[in-house]
Novice: 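Below is a structure I'd like to ask you about.
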Amino acid sequence: MWKDIQPAPPDSILGLTEEFKKDPNPEKVNLGVGVYKDDQGNTPVLRCVKRAEKELLETQQTKSYLPISGDPAYASAVQRLVLGADSEVISSKRAVTIHAPGGTGALRVGADLIHLFNKEASVWVSSPTWANHNGIFAAAGFGIKQYGYYDPQSKGLDFDAMYNDLQKIPAGDVVVLHACCHNPSGVDLNVEQWQQVAELAAKAGWIPFLDFAYQGFGDGIDEDRFAVEVFAAAGIDCYVASSFSKNFGLYNERTGAMTVITPSAEEAVVALSHLKTVVRTNYSNPPAHGGFIASMILNSPELSAMWLEELAEMRNRIRDMRKSLVAGLAAQGVDGDFSFIERQRGMFSFSGWSDDVVSQLRKTKSIYIVGGGRINLAGLTTSNIDAVCAAVAEAMKQ
């Protein structure tokens, strides 16, 4: 059947990583794929994860299937993390949570659920957005449209363009929003802007779908969930896709969650029943290991405190690399004001470097960057930052 079928194009981000792995240059640097690296260039297993895994190894009695929606203790822990332990949504049982295979799996489950009952809806994504958003929602059957977001001139948020576009979106359509640490730009809304968007959603009747992949990488666990809290308080239907790849370092365990927030407890019960139907016909029930680890950490005061400390270490290292990059580019005499890099949050930044510069960095210096100039700050280390800044200066002068 494959005789007359052309190969699919490689993924723009993961394909870049494949090129990076094949590159024999010992000085190569990967600033493309969204994976946290420590200052030695490794993606570490967190200390709290090691502790939890040791305990799990000693106490686990079975490898039997989990329920379709996952372990109830995991769902409860996720809700406390995403909504806040004292959230009215939890006490009134207006939310239901299922364990999904990673943030990507959570997005697809939510997309499939909405498409069951709203096949004519369009899905709106920010311009730009994580490239896989387009593929996930298109594969679920939706048409994809864009709303304004990033201003390449100011290197910041174009909130006027965003708000004007959101005002025109019809009731029943779905709007994908990055809860914090926008990927790929690193540019987020402030508190007042989130409140305005939530008020608009309640008034207009479109459905907010929050991608919450980086909780704790912005300002902190509590601060980063403000967007979720403001939509939850609005008393409208809302979807939240969580990923624990980054903040727990559970990349290959594929640990995520889909939380559906509804106006009432009765509607939440209905939503959960259909969520289970979607899961049953997709992957039947979730993988257990990563969920058990996250649940054990979140439910243990000792392990939770250790996790928050390690999460702060990761967050602060990325901030330090932002400062070092800005200072390094200035020291190399690179034209332009790059202070916007320090103002952005999370792992990513739109560098503003052209595709020609990106191509030259890859070909001549083995520095791998996604087309469009998005860089992963966690790929920078104290040992490679000077070489990267010098390479950028050289490429931009040509």
Side-chain angles (χ1 to χ4, degrees), residues 34 36 77-85 87 89-90 94-95 97-98 100 102-111 114 123-130 132-133 136-137 147 149-150 157 159 162-163 166 174-202 206-234 236-248 255-261 294 298 311 314-315 318 344-349:
Y36 176 79
V78 169
Q79 286 195 9
R80 293 194 301 273
L81 179 65
V82 171
L83 295 163
S87 172
V89 176
I90 296 176
R94 292 198 293 114
T97 299
I98 61 111
T104 303
L107 288 163
R108 181 57 190 265
V109 168
I114 296 172
V123 169
W124 296 75
V125 298
S126 62
S127 177
T129 193
W130 179 47
N132 210 22
H133 280 155
I136 292 167
F137 287 97
Y147 60 87
Y149 191 85
Y150 180 74
L157 177 67
F159 185 70
M162 178 184 183
Y163 194 82
L166 295 183
V174 180
V175 177
V176 178
L177 299 153
H178 300 237
C180 71
C181 304
H182 184 272
N183 178 4
S185 73
V187 174
D188 288 342
L189 281 69
N190 62 35
V191 169
E192 292 76 20
Q193 289 165 339
W194 275 123
Q195 290 171 331
Q196 291 180 57
V197 172
E199 290 170 3
L200 178 57
W206 47 257
I207 301 170
F209 196 129
L210 279 72
D211 189 345
F212 205 7
Y214 299 97
Q215 186 176 5
F217 270 67
D219 294 318
I221 288 296
D222 296 336
E223 297 89 339
D224 289 353
R225 64 167 167 251
F226 180 80
V228 179
E229 292 175 332
V230 74
F231 282 106
I236 59 177
D237 291 294
C238 179
Y239 292 71
V240 183
S242 300
S243 170
F244 301 133
S245 294
K246 277 74 177 179
N247 52 14
F248 280 89
T255 308
M258 179 74 249
T259 298
V260 180
I261 302 169
L298 292 171
L311 182 56
M314 291 190 285
R315 181 172 63 246
I318 293 171
Q344 295 165 351
R345 306 193 316 155
M347 289 172 58
F348 302 111
S349 171

Novice: Does the side chain of I236 reach to within under 4.5 Å of the side chain of P208, using non-hydrogen atoms?
Specialist: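 Result yes, sub-4.5 Å side-chain heavy-atom pair found.
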Novice: Rounded at 0.5 Å granularity, tell me how far SG in C180 sits from CG in D211.
Specialist: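 Spacing of SG (C180) from CG (D211) equals 9.5 Å.
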Novice: Parallel, tilted or perpendicular: which describes the rings of H133 and W130, with under 30° parallel and over 60° perpendicular?
Specialist: perpendicular
Novice: Do T255 and F248 come within less than 4.5 Å of each other through their side chains, counting heavy atoms only?
Specialist: no
Novice: I would like to know whether L157 and Y149 meet side chain to side chain contact (heavy atoms under 4.5 Å, CB included); could you show each step before the answer?
Specialist: CA-CA 6 Å; L157 177 67; Y149 191 85; 3.6 Å; yes
Novice: Between L210 and F231, does the side chain to side chain contact (heavy atoms under 4.5 Å, CB included) criterion hold? Intermediate values first, please.
Specialist: CA-CA 10 Å; L210 279 72; F231 282 106; 3.9 Å; yes
Novice: Just by distance, do the side chain of Q193 and the backbone of N190 share a donor-acceptor pair under 3.5 Å?
Specialist: yes
Novice: Atom CD1 in I261, atom CD in Q79: separation rounded to 0.5 Å?
Specialist: 8.5 Å
Novice: Examine distances only and state if a side-chain atom of D219 and a backbone atom of D224 form a donor-acceptor pair shorter than 3.5 Å.
Specialist: no
Novice: Minimum heavy-atom separation for A106 to A257, with atom names?
Specialist: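 Answer, listing the atom of A106 first, then A257: CB-O, 3.3 Å.
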Novice: Taking the side chain as every heavy atom from C-beta outward, state whether N247 and F212 have any atom pair closer than 4.5 Å.
Specialist: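 Result no, sub-4.5 Å side-chain heavy-atom pair not found.
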Novice: What are the two closest non-hydrogen atoms of C181 and G346, and how far apart are they?
Specialist: SG-CA, 3.5 Å
Novice: Hey, does Y147 have a side-chain heavy atom less than 4.5 Å from the side chain of S126?
Specialist: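 They are in side-chain contact.
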Novice: Enter the distance from N132:CG to R108:CZ here, rounded to the nearest 0.5 Å.
Specialist: 10.5 Å
Novice: Just by modelled atom types, is the G216 backbone N or O under 3.5 Å from a matching donor or acceptor in the R315 side chain?
Specialist: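 Checked: pair present.
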Novice: Only one of V240, V78, V89 forms a side chain to side chain contact (heavy atoms under 4.5 Å, CB included) with L83, so which one is it?
Specialist: V89
Novice: How long is the span from the CZ atom in R225 to the OG atom in S242, to the nearest 0.5 Å?
Specialist: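 Reported value, rounded in 0.5 Å steps: 11.5 Å.
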Novice: Determine whether the aromatic ring centres of H182 and Y150 lie less than 6.0 Å apart.
Specialist: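 Centroid separation for H182 and Y150: 6.0 Å or greater.
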Novice: Does the side chain of E199 come within less than 4.5 Å of V230's, by heavy atoms?
Specialist: no
Novice: Rounded to the nearest 0.5 Å, what separates atom CD in E229 from atom CD in Q195?
Specialist: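 Answer for the CD-CD pair, E229 versus Q195, is 11.0 Å.
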Novice: For the residue pair F209 and Y239, does the interplanar ring angle fall in the parallel (under 30°), tilted (30 to 60°) or perpendicular (over 60°) class?
Specialist: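 Judged by the thresholds at 30° and 60°, the geometry between F209 and Y239 is parallel.
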Novice: Would you call the rings of F217 and Y214 parallel, tilted or perpendicular, where under 30° means parallel and over 60° means perpendicular?
Specialist: perpendicular
Novice: So, for G105 and A100, which heavy atoms are closest and what is the spacing to 0.1 Å?
Specialist: C-CB, 4.0 Å
Novice: Give me the atom names and distance for the closest heavy-atom approach of I318 to M347.
Specialist: CD1-CG, 3.6 Å
Novice: In Å and rounded to the nearest 0.5 Å, what is the OG1 to CD1 distance from T259 to I98?
Specialist: 8.5 Å
Novice: Considering non-hydrogen atoms only, spot the tightest contact between A241 and G103 and give its length.
Specialist: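 For A241 and G103, the tightest heavy-atom pair comes out as CB-O, 4.4 Å.
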Novice: What I'd like to find out is whether the side chain of F226 reaches to under 4.5 Å of the side chain of D188, using heavy atoms alone.
Specialist: no
Novice: Using side-chain heavy atoms (C-beta onward) and a distance below 4.5 Å, is L311 in contact with Q215?
Specialist: no
Novice: Within a strict 4.5 Å, meaning less than it, do heavy atoms of the L177 and W194 side chains meet?
Specialist: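 Sidechains of W194 and L177: in contact.
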